[in-house]
Amino acid sequence: AIVLNQSPSSIIASQGEKVTITCRASSSISSNYLHWYQQKPGAFPKLVIYSTSYRASGVPSRFSGSGSGTSYSFTISRVEAEDVATYYCQQGSSNPYTFGAGTKLELK
Amino acid sequence: QVQLKESGPGLVQPSQTLSLTCTVSGFSLTSNSVHWVRQPPGKGLEWVGAIWSGGSTDYNSALKSRLSISRDTSKSQVFLKMNSLQTEDTAIYFCTREQPTLYYFDYWGQGVMVTVSS
């Protein structure tokens, strides 16, 4: 199984700050199959970025993603209060699908 | 519109069998695969298994010996059965639809909390 090492495990940021999360895969994966989700407390995960860099419907432009091979990143250019959540990367490149361990974003 | 809804018991005794149902609407189980994902309290997401649109299944290797996923396409339902439950199986169980070409999860159920306790 492909292991996704996500870091950091938690971030404390100020509103307006830029934050970046990295997701490193144990094997190379196609960028088509690396995705990012946002999960708020008590809710199901919501797709934010699909195929490395494409924003899902309705997702603000402050969210972006990049990467290739084994190294991927997710960025919020200017954090807003509503972005407080846990973020997960997920690969669909090979079975079994796997998730990163998550990054919890909190506001300072 | 696309919807998924999990149902099942909230409390299961240790060593017993868990049976969950995911009832879907707005799409066909023969067009989209459905996966189960679980989340222990305060922890991350764990892929449990899938039933592919063609009807075959795949399971998390750590759960494979205890797990079965099936479906009834006429009722638009997917079933999860897991036996020999342990306290570590306490989690929210989500069913989710897979986008068929890029393999991400585009629609989710609200999840059902399953507690394993005597």
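As the structure is a computational prediction, the values presented were derived from the model and not from experiment. In what follows, every heavy atom counts, from backbone to side chain, and hydrogens, waters and symmetry copies are set aside.
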B/R66, CZ: over 12 other non-hydrogen atoms inside 6.0 angstrom: yes
Using a 6.0 Å cut-off, check whether atom CZ of A/R78 has over 12 heavy atoms from anything other than its own residue. no
In terms of heavy-atom contacts, does CG of A/L107 have more than 12 from other residues, nucleotides or ligands at under 6.0 Å? yes
Would you say B/W36 ends up clustered with B/V2 if hydrophobic residues are merged whenever their side chains have heavy atoms under 4.5 Å apart, either directly or through other cluster members? yes
Shared ILVMFWY cluster between A/I21 and A/I29, side chains joined below 4.5 angstrom? yes
Between A/H35 and B/L102, is there a donor-acceptor pair closer than 3.5 Å when you use the side chain of the first and the backbone of the second? yes
Report the distance from atom CD of B/Q39 to atom OG1 of A/T86, rounding to the nearest 0.5 Å. 8.0 Å
Is the closest side-chain heavy-atom distance between A/Q90 and B/W47 below 4.5 Å? no
Residue part contacting chain A, namely of B/S61, when any heavy atom lies under 4.5 Å: neither
Quick one: do the B/Y103 and A/Q91 side chains pair a donor with an acceptor below 3.5 Å? no
ILVMFWY network linking B/W52 to B/F79, side-chain heavy atoms under 4.5 angstrom: no
Please classify the contact between A/N32 and chain B as side chain, backbone, both or neither, with a heavy-atom cut-off of under 4.5 Å. both
When you compare the side chain of A/P45 with that of B/W108, does any pair of heavy atoms fall below 4.5 Å? yes
Test side chain to side chain donor-acceptor pair (under 3.5 Å) applied to B/Q99 and A/Y50, step by step: CA-CA 10 Å; B/Q99 197 280 346; A/Y50 68 93; over 6 Å; no
Determine whether B/E46 and A/F99 make a side-chain contact, defined as any pair of heavy atoms from C-beta on separated by less than 4.5 Å. no
Which atoms form the tightest heavy-atom contact between A/Y88 and B/G44, and what is the distance? OH-CA, 3.5 Å
Tell me, for A/A43 versus chain B, whether the close heavy atoms (under 4.5 Å) come from the side chain, the backbone, both or neither. backbone
Connected via hydrophobic side-chain network under 4.5 Å: A/L47 and B/V37: yes
Is there a path from B/Y59 to B/F105 through hydrophobic residues (I, L, V, M, F, W, Y) whose side chains come within less than 4.5 Å of each other? no
Inspect the surroundings of NZ in A/K18 and state if more than 12 heavy atoms from other residues, nucleotides or ligands are less than 6.0 Å away. no
B/Y104 versus A/Y33: any side-chain heavy-atom pair under 4.5 Å? no
Kindly say whether the aromatic ring centers of A/F44 and B/F94 come within a distance under 6.0 Å. no
Which answer fits A/T98, side chain, backbone, both or neither, if we ask what part of it has an atom under 4.5 Å from a heavy atom of chain B? neither
